[in-house]
Colleague: 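Got a structure here, written out as structure tokens. Questions coming.
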Amino acid sequence: MERTSPIAATLIAAARQLSESLSTLTFSPPVSHVYNPLSYAWSAHELYLRRYGASTRRVVFLGMNPGPFGMVQCGVPFGEIAAVRDWLGIEATILKPAVENPRRPIEGFACTRSEVSGRRLWGLFRERFASADGFFAEHFVANYCPLAFFDLARNLTPDRLPASEAAALRVACDAHLKTLVSVLQPEWVVGVGAFAETRAAGALAGLKVRTGRMLHPSPASPLANQGWAAAATRQLVELGIWA
């Protein structure tokens, strides 16, 4: 067991609280299955927080919610398996959710599908920084919502939920984001995509933190498929976050 700093311990407790709060929520069709990696993949997520959330950070990159072959499988935000195992040095036993989606089974670190968004995001950081520790010296990566929603094989993003269900989800996720920011004390929270930026700006209004946006690396975005790394780097330079 790695030593836990006070900051990491607070993040771990906050993640547990978020997981418990979200476990009471219910979601209606077309949602067929809900996955909570903070439950069945907790061992890997806790290791991520303990290892890489040990001190304050200048920049927090904020995603929307887990991808089916990324955090859903390994418990790490944007968690493309190869990047998590080989660059972040994280590998742990992943359990099964209480109700498994047969169209999206949990294979953990044995998953052979690549999460393109995670491969692009961590790939950019790996190219720019000599090591994971070099990146995390000033940066951190989180997701606004830790739940993944499915309509059988189809991934459903939180912005597609009915207003009443989205509102309850937002209350818990906003509160957690505020805790994350109060603990890590970043100068910037950068939404990876429009949804994350909007939620960050709303949840953190009035706090001493700046919010911005970078292009989401999803292959569903035509712009992301036309040189995402260069476009994202340019946006971060224009914001004054990177030189």
Side-chain angles (χ1 to χ4, degrees), residues 1-16 18-19 35-97 106-144 146 148 176 180 183-186 189-190 192 214 217 228-229 232-233 236 241-242:
M1 185 68 68
E2 298 185 18
R3 184 177 180 181
T4 305
S5 77
I7 287 178
T10 303
L11 293 179
I12 289 168
R16 286 189 182 278
L18 176 61
S19 180
Y35 279 174
N36 179 5
L38 299 192
S39 176
Y40 64 85
W42 175 252
S43 58
H45 188 75
E46 182 181 19
L47 181 56
Y48 172 71
L49 296 178
R50 183 182 300 116
R51 183 175 296 176
Y52 295 117
S55 60
T56 58
R57 298 288 185 263
R58 185 173 64 89
V59 183
V60 170
F61 292 103
L62 186 70
M64 178 169 19
N65 76 313
F69 308 112
M71 186 174 179
V72 159
Q73 299 294 337
C74 69
V76 175
F78 287 93
E80 201 258 348
I81 296 295
V84 172
R85 182 188 59 232
D86 302 335
W87 199 55
L88 301 185
I90 290 175
E91 189 167 9
T93 300
I94 306 299
L95 305 177
K96 294 277 191 177
I106 298 302
E107 301 173 297
F109 282 83
C111 178
T112 58
R113 294 282 297 270
S114 177
E115 183 76 27
V116 176
S117 294
R119 188 174 73 237
R120 287 174 172 173
L121 188 81
W122 292 112
L124 170 61
F125 299 154
R126 188 171 190 169
E127 287 177 7
R128 188 173 180 90
F129 296 89
S131 65
D133 287 338
F135 168 76
F136 282 102
E138 289 196 329
H139 307 80
F140 188 74
V141 179
N143 266 331
Y144 172 74
H176 179 263
L180 185 81
V183 173
L184 292 179
Q185 300 177 26
V189 172
V190 178
V192 184
M214 64 188 291
W228 175 83
T233 298
L236 293 171
I241 294 173
W242 285 358

Colleague: How close do P186 and V189 get, counting heavy atoms only, and between which atoms?
Modeller: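 Heavy atoms of P186 and V189 come nearest at CG-CG2, 4.1 Å.
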
Colleague: With a 4.5 Å limit on heavy-atom distance, are the side chains of L184 and L11 in contact?
Modeller: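 The answer is yes, as the side chains (C-beta and beyond) meet within the 4.5 Å cut-off.
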
Colleague: Would you say E115's side chain and G118's backbone share a donor-acceptor pair under 3.5 angstrom?
Modeller: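 Such a contact is absent between E115 side chain and G118 backbone.
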
Colleague: Does atom CZ (R58) have a neighbourhood of more than 12 heavy atoms from anything else shown, all under 6.0 Å?
Modeller: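 Atom CZ in R58 is crowded, with more than 12 foreign heavy atoms closer than 6.0 Å.
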
Colleague: What's the shortest heavy-atom distance between A54 and A8, and which atoms?
Modeller: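 Closest pair (atom of A54, atom of A8, distance): CA-CB, 4.2 Å.
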
Colleague: Enter the distance from I90:CD1 to L47:CG here, rounded to the nearest 0.5 Å.
Modeller: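 Result: 4.5 Å between the selected atoms.
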
Colleague: Return the CD to CD1 distance between E91 and I81, rounded to the nearest 0.5 Å.
Modeller: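 Interatomic distance, E91 CD to I81 CD1, rounded to 0.5 Å: 8.5 Å.
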
Colleague: Restricting to non-hydrogen atoms, name the atom on S5 and the atom on G53 that form the minimum distance, rounded to 0.1 Å.
Modeller: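 So the two residues come closest at OG-O, 4.3 Å.
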
Colleague: How close do P66 and A148 get, counting heavy atoms only, and between which atoms?
Modeller: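 Taking every non-hydrogen atom into account, O-CB, 4.0 Å.
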
Colleague: Determine the interplanar angle of the F135 and F61 rings, folded into 0 to 90°, and report it as parallel if under 30°, tilted if 30 to 60°, perpendicular if over 60°.
Modeller: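 F135 vs F61 ring planes: parallel.
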
Colleague: Verify whether the ring centers belonging to F136 and F125 lie closer than 6.0 Å.
Modeller: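 Not under 6.0 Å, so no.
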
Colleague: I'd like to know if the side chain of S19 reaches the main chain of A15, judged simply by a donor and an acceptor atom lying under 3.5 Å from each other, with no hydrogens or angles considered.
Modeller: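 Not confirmed, S19 side chain does not pair with A15 backbone.
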
Colleague: Atom CE in M214, atom CD1 in I241: separation rounded to 0.5 Å?
Modeller: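 Atom-to-atom, M214:CE and I241:CD1 are 9.0 Å apart.
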
Colleague: Please report the interatomic distance NE2(H45) to CZ(R16), rounded to the nearest 0.5 Å.
Modeller: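 The NE2 atom of H45 sits 10.0 Å away from the CZ atom of R16.
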
Colleague: Could you tell me which non-hydrogen atom of P77 sits nearest to which non-hydrogen atom of W122, and how far apart they are?
Modeller: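 So the two residues come closest at O-NE1, 3.3 Å.
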
Colleague: Nearest 0.5 angstrom please: Q73 CD to I94 CD1, how far?
Modeller: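 Answer rounded to 0.5 Å: 9.0 Å.
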
Colleague: Do the side chain of W242 and the main chain of T233 share a donor and acceptor less than 3.5 angstrom apart?
Modeller: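 Here the side-chain-to-backbone pair does not exist.
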
Colleague: Kindly indicate whether the side chain of V192, heavy atoms from C-beta on, has any atom under 4.5 Å from the side chain of P217.
Modeller: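 Heavy-atom side-chain distance check passes, below 4.5 Å.
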
Colleague: I need the Q185 CD to L180 CG distance, nearest 0.5 Å.
Modeller: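 One finds 11.5 Å between CD of Q185 and CG of L180.
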
Colleague: Main chain of L88, side chain of R51: is a donor-acceptor contact present, judged purely on distance under 3.5 Å?
Modeller: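 Judged by distance alone, yes, a pair lies under 3.5 Å.
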
Colleague: Among F78, Y48, Y52, find the residue that satisfies the ring-ring contact (aromatic ring centres under 6.0 Å, His included) test when tested with F140.
Modeller: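 Between F140 and the candidates, ring-ring contact (aromatic ring centres under 6.0 Å, His included) is satisfied uniquely by Y48.
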
Colleague: Between the side chains of R57 and S55, is a donor N or O closer than 3.5 angstrom to an acceptor N or O?
Modeller: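 The answer is yes; a qualifying pair exists.
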
Colleague: Would you say the side chain of L124 lies within less than 4.5 Å of the side chain of W228, judging by non-hydrogen atoms?
Modeller: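 Contact flag for W228/L124 side chains = yes.
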
Colleague: Looking at G79 and C74, what are the two nearest heavy atoms and their distance?
Modeller: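 Scanning both residues completely, I find the closest heavy atoms to be O-SG, 3.1 Å.
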
Colleague: Go through W42 and N36 one step at a time and tell me if the side chain to side chain contact (heavy atoms under 4.5 Å, CB included) criterion holds.
Modeller: CA-CA 9 Å; W42 175 252; N36 179 5; over 6 Å; no

Colleague: Using the ring of each side chain (for Trp, its six-membered ring), is Y35 parallel, tilted or perpendicular to Y40, with breaks at 30° and 60°?
Modeller: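 The arrangement is perpendicular - the two ring planes meet at more than 60°.
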
